[in-house]
Protein chains: 2
Amino acid sequence: MSKQATQDMETRIASLLKRSDLSVTESRRKILHLFLEQTGALAHGDIERKAGEKFDRVTVYRTLQTFVEKGIIHTIPTADNSIRYALCKDECSGGHHHDHHIHFVCSQCDNTYCLDDVVTPDIKLPKGYQAEHVEVVVEGVCKNCR
Amino acid sequence: MSKQATQDMETRIASLLKRSDLSVTESRRKILHLFLEQTGALAHGDIERKAGEKFDRVTVYRTLQTFVEKGIIHTIPTADNSIRYALCKDECSGGHHHDHHIHFVCSQCDNTYCLDDVVTPDIKLPKGYQAEHVEVVVEGVCKNCR
DNA sequence: TAGATTTTGCAACTATGTTGCCTTTTCATA
DNA sequence: TATGAAAAGGCAACATAGTTGCAAAATCTA
Ligand SMILES: [Mn+2]
Ligand SMILES: [Mn+2]
Ligand SMILES: [Zn+2]
Ligand SMILES: [Zn+2]
């Protein structure tokens, strides 16, 4: 990556943090960096491995929690019970997420993708049930693995 | 519950286990009992609490795992990352689950329901992605909580 | 009912997540 | 650009969740 591109990335990261009223700290920059240079989602473990040498485990937990609260990342529920995190689009912010896309988990490479263009379907529920939020996770084989 | 009804229940449990080629043991009977007398799903913690005085934690883990493998129960992924388990319909069996219904988690009472009559929708995926399994979890307010 | 097979309990261990407290860093303002 | 309040990080200790190997106990087959 060119010096210019690196600079741009750092600027982008700082402004993203400031926009969310977060102070710009080294661990936040590092973890946000991980998300920005990544296509798919990251599991907590991934992040800890990639950022963990430099930061305490507790800091990673707290940083992710803060990012979720501020609408910077969102969680993706999976069948194997390992939370994954992915960047939100710009519409999400403090306290309110507006992610209505579905998620795809590849059974081969185990990568998790936000399919931003596939919106969650309307589900017709039995009388009495009132939907607030719909979560769809599709498991299958991804583009790269066929 | 009448003596007759209790007897019926025990018979039902034993034959369910035998049908899955499982030996009839006390812990399996107890845990299966919990599912049969229950409407919604059970979290691992629930089960451990209700059966745990009598059985070791490890036994609960192993029993649930066996039940999932044999198609007696299925897992339900949730946003808070606590696996829940619910009874399968009869079509599920050794190694192959055929649950195509959606799940509902109540944000008030935290109960989880299998909505057996609501089938998972067909999701149109971007070119290249191949779906094998679709998981839908709706969060909202349940029948009893409104 | 005996013996092979399966399941269980126990102990020890790893992984995951949380909390309190003190130190360090950040940021606003002087 | 120096200063101090406020926020964030690191550390230690703890709590909970899940796994493994092995010997004892229960189940099933014949
Ligand atoms: Mn997403
Ligand atoms: Mn179900
Ligand atoms: Zn893949
Ligand atoms: Zn409810």
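Each chain gets a letter, A, B and so on, in the order the sequences are listed, and its residues count up from 1.
Checked by distance alone, B:Arg57 brings no side-chain donor or acceptor within 3.5 Å of a matching partner on the base of C:dG9.
With contacts defined as side-chain heavy-atom distances shorter than 4.5 Å, the pair A:Lys54/A:Lys30 does not qualify.
Shown are A:Glu139, A:Arg84, A:His103; of these, the side chain to side chain donor-acceptor pair (under 3.5 Å) with A:Thr112 is made only by A:Arg84.
Across the protein-nucleic acid pair, B:Glu48 atom CD and C:dT8 atom C1' stand 15 Å apart, rounded to whole Å. Separating the CD1 atom of A:Ile83 from the P atom of D:dG18 is a distance of 12 Å, rounded to the nearest angstrom. The nearest whole Å value for the distance from the NE2 atom in A:His44 to the P atom in D:dA17 is 17 Å. Taking atom CG of A:Leu64 as the reference point, atom C1' of C:dT18 lies 15 Å away to the nearest angstrom. We find that OH of B:Tyr61 is positioned 14 Å from C1' of C:dC13, with the value rounded to whole Å. As a whole-Å value, the separation of B:Arg49 CZ from D:dT16 P is 11 Å. Distance CD (A:Gln65) to P (C:dG17): 12 Å, rounded to an integer number of Å. Atom CD1 in A:Ile47 sits about 13 Å away from atom P in C:dT16, given to the nearest Å.
Two end axes, each from the C1' atoms of five base pairs, can be drawn for the helix from C:dT1-D:dA30 to C:dA30-D:dT1; they diverge by 40°, to 10 degrees.
Here the closest non-hydrogen pair linking A:Ala51 and A:Ile31 is CB-CG1, 4.4 Å. Considering all non-hydrogen atoms of both residues, B:Leu115 and B:His101 come closest at O-CB, 3.3 Å. Considering all non-hydrogen atoms of both residues, B:Pro77 and B:Val137 come closest at O-CG2, 3.2 Å.
The ring-ring contact (aromatic ring centres under 6.0 Å, His included) analysis of residues 107-128 of chain B, with sequence neighbours excluded, yields the pairs A:Tyr129-B:Tyr113.
Formation of a donor-acceptor pair under 3.5 Å by the A:Ser107 side chain with backbone atoms of A:Gly140 is found in this model. Side-chain N or O atoms of A:Thr75 include none that pairs as donor or acceptor with a backbone N or O of A:Tyr85 at under 3.5 Å. Not a single donor-acceptor pair under 3.5 Å links the side chain of B:Arg28 to the backbone N or O of B:Thr63.
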Polar-atom pairs under 3.5 Å, protein N or O versus N or O of nucleotides 3-10 of chain D: list them with distances, or write none.
{"from": "D:dA8", "atom 1": "OP1", "to": "A:Arg28", "atom 2": "NH1", "distance (Å)": "3.0"}
{"from": "D:dA8", "atom 1": "OP1", "to": "A:Arg28", "atom 2": "NH2", "distance (Å)": "2.9"}
{"from": "D:dA8", "atom 1": "O5'", "to": "A:Arg28", "atom 2": "NH2", "distance (Å)": "3.3"}
{"from": "D:dG9", "atom 1": "OP1", "to": "A:Thr25", "atom 2": "OG1", "distance (Å)": "2.9"}
{"from": "D:dG9", "atom 1": "OP1", "to": "A:Ser27", "atom 2": "OG", "distance (Å)": "2.3"}
{"from": "D:dG10", "atom 1": "OP2", "to": "A:Asp56", "atom 2": "N", "distance (Å)": "3.3"}
{"from": "D:dG10", "atom 1": "OP2", "to": "A:Thr59", "atom 2": "OG1", "distance (Å)": "2.4"}
{"from": "D:dG10", "atom 1": "N7", "to": "A:Arg62", "atom 2": "NH2", "distance (Å)": "3.1"}
{"from": "D:dG10", "atom 1": "O6", "to": "A:Arg62", "atom 2": "NH2", "distance (Å)": "2.8"}

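Where B:Lys18 and B:Gly45 each meet DNA chain D at their nearest nucleotide, the meeting point lying more 5' is that of B:Gly45.
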